[in-house]
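Below is one structure, written out as structure tokens, with a few remarks after it.
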Amino acid sequence: MQKSNEKVRVRFAPSPTGGLHLGGVRTVLYNYLFAKKNGGKFILRIEDTDQTRFVDGAEQYIYDCLKWCGLEPDESPLHGGDYGPYRQSERKASYREYAEQLVKNGNAYYAFDTTQDLEEMRANFKTDLNPSPQYDAHVRMKMKNSLTLSPEEVDNLLKTNTPHVIRIKMPSNEMISFTDMIHQEVSFDSNTVDDKVLLKADGMPTYHLAVVVDDYLMKITHAFRGEEWLSSAPVHILLWKYLFGLDQMPQWAHLPLILGPNGKLSKRDGAKFGFPVYAMNWTDPRSNEFTEGFKEKGFLPSAFVNLLALLGWNDGTEKELFSLDELIHQFSIERVHKSGAKFDYEKAKWFNQEWIKQSVADELLSDVKQILEAKDVIITDVDFLKSIIELVKDRCVLMTDFYEQSVYFFKAPQTLDIEAVKPKWNKAKSDFFSEFCTQLEASNDWDTITIETIFKNLATEKNIKPGELQLPMRIMLVGGKFGPAVFEIANKIGKAATINRINTTLVELNH
RNA sequence: GCCGCGUUGGUCAAGAGGUUAAGACGCCUCCCUUUCACGGAGGAAUCACGGGUUCGAGUCCCGUACGUGGUACCA
């Protein structure tokens, strides 16, 4: 089945109907990794055959997400390529030809049933044992189609442009089986599969026809998709057999689903449990419904890709942190799991934290700068910012945490956790800080050691334990009980700001 | 209902007939640190159930249960 001398070509084929969720990005990732690992091509194809669901901006959004993730396609409507068009709507005319060919060969037929006819059929055949009757061998001879109508009638209907679809004619008593790269042998009894519509009344193909025709025309060698497609695989297998031959068919890989806290992961889960579901922020232009993205939530693309890769795959060792390059090197489809995985936001955050920790300031700089500037922090000295990043990055889980972890290096805290010191505050401590300011003012040097030495000597002199004074000082400089060593902070913010912040707080405490 | 796929701690998972059933996240305890983190040391917690096969089963087979997907002129 695998054409060993042919170049690996894989595709991700989303429909431009809305945001790109976790599962979608992971499908992209596995496609990408497989292609790069095998020196092949990764193709992006836009499946825009459902004109009623088309959403403005959704296609551009997909490019943006792939770009952010660092998973850019080799061929796409945007990137070009030799196997275009890369948008299914632009291939409309040829689908009809393939569908007609199937009719001619007796593997498909015209159906003239109206929506109403179908509803009636479903109502009439509905029983307790069969709550959703299908358009299949049991009913097709009772419907209005080219199997039941005379050739003249069919001809006439066609000539008068009567709305119609083309349906596949499922054979009886046939075992349809194939080897999935993940599930191994999968088989279906053709009697349980219905006569799926291949070509819609508007002349557009359904997914079933389009995916087969396009994969053939684009010379796709391996087809990765979510497991929700597994049950329609028999239709695709048959189409390949009828149209192009099974020896031309790509190898299938049905990827396990990513689940939410209770079942299938939905954007609702994200809103409900407070975690992002889409790669990037997305606002539906129709409903104005907003769905949060991993990017804006504060995830690093490297962490996002890493955590997605590990949701359904691992290399068999204890290693969990992988760069994209390492993933390309280590990835193997054989080690992709069969079963769905529940998405765990806590673990996702851990991946991000690890990536922040192992990044150097330079790599984080532009993102952090942007985050701070968006919140009106003015950055004048980039090197200073870099040193701050080094100082606080171990405390950040999300990139957005850099704001609260570093604002106080740039401006005096807006709110002070006075309650943290007030209970143990007294005149002696107050005097200590006044004197401390005087001594700082007089000092010619300004570095961590000097500040700490002055502080400790004075504390000893006043007979107060330095430890009891450190928390108040922290509150004065930072505003809360967090951050790196206080003397380091004092050093960074400078003499003037340090003295100023101490004095300001002193006023408030002694009030 | 029918069809498909799946089932190792709360979550992600290693495991391919013989192991004290790895590891990670989360949780708890302690150490480091008179802040918060990082880091370090420990701890609690698992093979869905029932039958086989076998000297021996988390691993193989069959049932059951549960989960999940499909059952559209949506993808």
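Just so it is clear: chains get the letters A, B, ... in the order the sequence lines come, proteins before strands, and each one is counted from 1.
- In a base pair of the Watson-Crick type (N1 to N3 plus N6-O4 or O6-N4) or a G-U wobble (N1-O2 and O6-N3), with each distance short of 3.5 Å, B:rA22 is matched with no nucleotide.
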Polar atom pairs between nucleotides 63-66 of chain B and protein, under 3.5 Å, N or O only, would you list them?
none

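- Whole-Å rounding puts the A:K126 NZ to B:rC2 C1' distance at 14 Å.
- Against RNA chain B, the stretch residues 332-346 of chain A makes heavy-atom approaches under 4.0 Å through A:R335, A:H337, A:K338, A:S339, A:A341, A:K342, A:D344, A:E346.
- Distance, A:F351 CZ to B:rA13 P: 10 Å, rounded to whole Å.
- Side-chain contact between A:F322 and A:F331 is absent, with no heavy-atom pair separated by less than 4.5 Å.
- Using a 4.0 Å cut-off, no side-chain N or O of A:N314 falls inside it from OP1 or OP2 of B:rC12.
- As rounded to the nearest Å, B:rA16 and B:rC47 have C1' atoms that lie 15 Å from one another.
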Which donor-acceptor pairs under 3.5 Å do the side chains of residues 54-61 of chain A make with protein atoms, sequence neighbours left out?
residue, atom, partner, partner atom, Å
A:E59, OE1, A:R87, NE, 2.9
A:E59, OE2, A:Y63, OH, 2.6
A:E59, OE2, A:R87, NE, 3.2
A:E59, OE2, A:R87, NH2, 2.8
A:Q60, NE2, A:D64, OD1, 3.0
A:Y61, OH, A:M280, N, 3.4
A:Y61, OH, A:M280, O, 2.7

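- When the P atom is compared between B:rA48 and B:rC31, the two are found 39 Å apart, to the nearest whole Å.
- Comparing B:rG43 with B:rG70, their C1' atoms sit 45 Å apart, to the nearest whole Å.
- For the P atom pair drawn from B:rA44 and B:rU53, the interatomic distance equals 37 Å after rounding to whole Å.
- Using modelled atom types and a 3.5 Å distance limit, the side chains of A:Y110 and A:E100 yield a donor-acceptor pair.
- Annotation: cation-pi geometry satisfied between A:K347 and A:W350 (NZ/CZ under 6.0 angstrom from ring centroid, within 45° of ring axis).
- B:rU54 and B:rC61: their C1' atoms are spaced 12 Å apart (whole Å).
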Donor-acceptor contacts, no H, no angles, side chain residues 391-405 of chain A, under 3.5 Å, sequence neighbours left out:
residue, atom, partner, partner atom, Å
A:K393, NZ, A:K357, O, 2.8
A:K393, NZ, A:S359, O, 2.6
A:R395, NH1, A:G483, O, 3.2
A:T400, OG1, A:K297, O, 3.4
A:D401, OD2, A:V397, N, 2.9
A:D401, OD2, A:L398, N, 2.9

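- The gap from the P atom of B:rU8 to that of B:rA13 amounts to 9 Å, rounded to the nearest Å.
- Only the C1' atoms considered, B:rG51 is 28 Å distant from B:rA14, to the nearest whole Å.
- A:R53 is listed as a side-chain neighbour of A:S15, based on a closest heavy-atom distance under 4.5 Å.
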Protein N or O to nucleotides 39-43 of chain B N or O, pairs below 3.5 Å:
residue, atom, partner, partner atom, Å
B:rG39, OP1, A:K357, NZ, 2.9

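- A parallel orientation is assigned to the rings of A:F436 and A:F432, their planes being inclined by less than 30° (bins at 30° and 60°).
- In terms of position along RNA chain B, the nucleotide closest to A:L311 lies nearer the 5' end than the nucleotide closest to the other residue of the pair A:V486 and A:L311.
- We find that CG of A:L471 is positioned 17 Å from P of B:rU33, with the value rounded to whole Å.
- In this structure, A:H164 and A:F112 have tilted ring planes: the angle between them lies in the 30° to 60° band.
- Whole-Å rounding puts the A:I237 CD1 to B:rG4 C1' distance at 13 Å.
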- Message: I'd like to compare against my own output: the B/S/- annotation of nucleotides 67-75 of chain B with a strict under-4.0 Å heavy-atom distance to protein.
- Response: -SBSB-BBB
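- Ring pair A:H236/A:H208: centre-to-centre distance below 6.0 Å.
- Considering only heavy atoms from C-beta on, A:W425 comes within 4.5 Å of A:P472 through its side chain.
- Residues meeting the ring pair (Phe, Tyr, Trp, His ring centres under 6.0 Å) test with A:Y98, sequence neighbours left out: A:F244.
- A heavy atom lying under 4.0 Å from RNA chain B marks the following residues of residues 388-405 of chain A, by number: A:D394, A:R395.
- In this structure, A:E318 places its CD atom 14 Å from C1' of B:rC25, rounding to the nearest Å.
- For B:rA16, there is no paired nucleotide, since no Watson-Crick or G-U wobble pair has both relevant distances below 3.5 Å.
- Listed by first then second residue, pairs satisfying side chain to side chain donor-acceptor pair (under 3.5 Å) with a partner in residues 112-136 of chain A read A:D113-A:Y135, A:T114-A:D117, A:Y135-A:N145, not counting sequence neighbours.
- Evaluation of the side chain to side chain contact (heavy atoms under 4.5 Å, CB included) rule for A:A341 yields A:L311 as partners, not counting sequence neighbours.
- Side-chain atoms of A:D195 and A:Y109 include a donor-acceptor pair closer than 3.5 Å.
- One can place NZ of A:K465 at 13 Å from P of B:rU34, the figure rounded to the nearest angstrom.
- One atom, CZ of A:F125, and another, C1' of B:rC2, lie 17 Å apart when rounded to the nearest Å.
- Without hydrogens or angle criteria, A:S76 side chain to A:L44 main chain gives no donor-acceptor distance under 3.5 Å.
- Near-neighbour residues of RNA chain B inside residues 418-425 of chain A, defined by a heavy atom below 4.0 Å, are absent.
- When the C1' atom is used for both B:rC5 and B:rG42, the distance is 41 Å, rounded to whole Å.
- In this pair, A:F487 and A:F455 present their aromatic rings perpendicular. The plane angle is above 60°, beyond the 30 to 60° band.
- Base pairing of B:rG50: its partner is B:rC62, meeting the Watson-Crick or G-U wobble criterion (both donor-acceptor distances under 3.5 Å).
- Nucleotide B:rA37 forms a pair with no other nucleotide shown, judged by Watson-Crick or G-U wobble geometry with both contacts under 3.5 Å.
- Both distances falling under 3.5 Å, in either a Watson-Crick or a G-U wobble arrangement, occur for no nucleotide opposite B:rA44.
- In textbook terms, a nucleotide whose glycosidic angle is within 90° of 0 is syn, while B:rC47, being further out, is anti.
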- How far apart are the C-alpha atoms of A:W355 and A:F299, what are their side-chain angles, what is the distance that settles it, and do they pass the ring-ring contact (aromatic ring centres under 6.0 Å, His included) test? CA-CA 9 Å; A:W355 272 95; A:F299 277 78; over 10 Å; no
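- Pairing for B:rC74 is absent, judged as Watson-Crick or G-U wobble with the two contacts each under 3.5 Å.
- Between A:F294 and A:Y278, the ring center distance fails the sub-6.0 Å criterion.
- Of the residues in residues 180-188 of chain A, those lying under 4.0 Å from RNA chain B by heavy-atom distance are A:H183, A:V186, A:S187, A:F188.
- Partner assigned to B:rG9 is none, using Watson-Crick or G-U wobble distances below 3.5 angstrom.
- The distance between atom CH2 of A:W313 and atom P of B:rA24, rounded to the nearest whole Å, is 18 Å.
- Judged by Watson-Crick or G-U wobble contacts below 3.5 Å, the nucleotide B:rG4 has B:rU68 as its partner.
- The aromatic rings of A:F343 and A:Y345 sit tilted relative to each other, their planes meeting at an angle between 30° and 60°.
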